[in-house]
Protein chains: 2
Amino acid sequence: MDDKQERWLEAELLVADAVGDVIEHWGFRKALGRVWSVLYLSDESLAAAELAERLQMSAGSVSTTLTELQRWSVVHRVFRAGERREYYEAETDFWKMISKVVSERERFVTRSVRERLARASQLLVGARDAGSRARIERIARLQSFADVAERVIDTFVRSGRADFGSFSDLLTLPRALMNRARRSD
Amino acid sequence: MDDKQERWLEAELLVADAVGDVIEHWGFRKALGRVWSVLYLSDESLAAAELAERLQMSAGSVSTTLTELQRWSVVHRVFRAGERREYYEAETDFWKMISKVVSERERFVTRSVRERLARASQLLVGARDAGSRARIERIARLQSFADVAERVIDTFVRSGRADFGSFSDLLTLPRALMNRARRSD
DNA sequence: CCGAAGTTTCAATTATTTCTGAACGAATTG
DNA sequence: CAATTCGTTCAGAAATAATTGAAACTTCGG
C-alpha cells in the first residue's frame with residue numbers, strides 16, 4: 001500500500017529531525033544526526049544518493065557529512081560485492097560513539113589550554129605582592145582543574161564510569177585569599 | 001611598576017581566551033568563558049564596565065553575557081553597600097556548573113524528543129510485514145535509549161557519578177533482524 | 001585509453017549566530 | 001525634577017558556519 005510508504009517516510013523524517021536536534025544541542029551539526037538516523041533506521045546499508053534523496057540534501061553536503069560521521073566512528077562504510085557505489089551503515093555501539101567524542105574533546109583541553117595557562121603563569125613569576133600572589137594561585141587552581149578533568153575524562157573513556165566528586169572545591173580559594181563583597185542573590 | 005601591570009593584563013587575556021576556547025568546544029559562546037575567567041581571576045567582584053574594558057566588549061554584549069552566565073548559575077551578582085553599580089563574581093563550585101548545564105540539556109531530550117519518537121512509532125502501528133516490524137523495533141530501541149540516557153544523566157546530576165556501561169548494546173539489534181552487507185573498514 | 005558512474009572538493013551563496021551602538025528606561029542624586 | 005549614571009534591549013552590521021552546485025577527480029568496465 002502506498003499509504004504505508006508515505007507514513008514511513010514521515011516517521012523517518014520525524015525521527016531524523018529529533019535525533020538531529022539532540023545532537024545539535026550537544027554541539028554538532030544537525031545534519032550528522034539526521035544522516036545517522038536514516039542509516040540506523042534502514043534495514044540495509046545505504047548509498048549517499050539515497051540519503052540525499054530521503055533527507056533532501058545536496059550530494060556535496062551528504063559527502064561532507066558522511067566523512068565527518070566516519071571520523072567520529074559513528075558510521076561505517078560497507079562493501080557490497082559487485083556494486084560500484086559505496087554503502088554506509090550506522091554504528092550501533094553507542095558507547096563507542098560517546099567515548100570517541102569525549103576523548104576528542106579532551107585532547108583539545110590537554111594540548112592547547114595547558115600551555116596557555118602555563119604561559120600566563122610564567123608572566124607572573126617573581127611578583128611578591130599580595131595581589132600577584134593571589135592571581136598566581138588562581139591560575140594554579142585552573143591548572144590543577146585541568147589535571148583533574150583530564151584524569152576523570154580519561155577514566156571515563158576507559159571504563160565508562162566517571163566520578164566528578166573531586167570537582168567541587170577545586171576552584172574555590174582558601175578564605176584567606178578571598179576579599180569579596182557578600183553575595184546578594 | 002607598570003611593567004607588572006602590563007604583564008598581568010596579558011596573562012589575564014591569555015587565560016580568558018583559553019577558557020573561552022574550552023567552553024566553546026563544549027557548545028557555548030566563547031564570551032561566556034572569557035567573562036567568567038576575568039571574574040574568577042579577580043580579587044574582588046567586578047562591574048560590567050570593567051569587564052567591557054578588560055575584554056574589549058561592548059556594554060550590550062557584556063550585559064547579555066552576564067545574564068546568560070547567571071541563568072547557568074555560573075556567575076552571581078553581589079551587592080556592595082553604598083555602590084550604585086552592580087558587581088559580579090564567579091561561581092567557583094565547578095560541580096554546580098556542570099550539573100546545571102547537563103540537567104538543562106537533559107530536559108531537552110526529555111521533553112521534545114520523546115514525543116516525536118512516540119509520534120513516529122504511532123504512524124507505523126498495525127503494519128505486519130517484516131520491514132515495518134523491523135522499523136518499529138528500531139524506533140523502540142531509540143526510545144529505550146532515551147529512557148536509559150535520562151536515568152543515567154539524572155543519577156549523574158544527583159550523585160556526580162555516571163556509569164555508561166548499560167549503553168553499549170542498547171541500539172544493537174538482534175541478529176535475526178539484521179540484514180546487512182559486511183563492514184569493509 | 002575512453003566514457004560513465006560515483007565521489008570529493010571548493011568557491012559562491014545562504015543561513016545563522018553574535019556583536020555593536022544607540023535608544024530607552026529605571027534609579028539616584030543634587 | 002532635571003541631570004547623570006547604569007543597565008537592558010533590539011535593529012542592523014559583522015562575523016561564522018552550513019549548504020549548494022558545479023567542476024575536478026577517481027574508478028572501473030569495455
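Proteins get letters first, then strands, A, B, ... in listed order; numbering begins at 1 in each.
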Using whole Å, report how far [atom1] of [X] lies from [atom2] of [N].
X: A/Glu86; N: C/dT8; atom1: CD; atom2: C1'; result: 11 Å
X: B/Phe28; N: C/dT17; atom1: CZ; atom2: P; result: 15 Å
X: B/Glu68; N: C/dT18; atom1: CD; atom2: C1'; result: 11 Å
X: A/Glu24; N: D/dA18; atom1: CD; atom2: P; result: 9 Å
X: B/Phe79; N: C/dT28; atom1: CZ; atom2: C1'; result: 13 Å
X: A/Leu55; N: D/dA18; atom1: CG; atom2: P; result: 17 Å
X: A/Arg29; N: D/dT20; atom1: CZ; atom2: P; result: 10 Å
X: A/Met57; N: D/dA18; atom1: CE; atom2: P; result: 12 Å

N/O (side chain, B/Ser58) to phosphate O (OP1/OP2, C/dC19) under 4.0 Å: no
Choose from [options] the nucleotide whose nearest atom is closest to any side-chain atom of [X].
X: B/Ser61; options: D/dT20, C/dT20, D/dT9; result: C/dT20
X: A/Tyr88; options: C/dT8, C/dC19, C/dT9; result: C/dT8
X: A/Ala48; options: D/dT19, C/dT8, C/dT7; result: C/dT7

Centroid-centroid distance, A/Phe94 to B/Phe164, less than 6.0 Å: no
Main-chain N/O of A/Ala48 paired to A/Tyr87 side chain as donor or acceptor, under 3.5 Å: no
Side-chain donor/acceptor of B/Glu83 to backbone N/O of B/Arg85, under 3.5 Å: no
N-O pairing of A/Asp21 and A/Arg34 below 4.0 Å: no
Residue whose closest nucleotide on DNA chain C lies nearer the 5' end, A/Ala47 versus B/Ala59: A/Ala47
Touch class at under 4.0 angstrom, heavy-atom based, for A/Arg84 against every strand present: base
A/Arg71, CZ: over 12 other non-hydrogen atoms inside 6.0 angstrom: yes
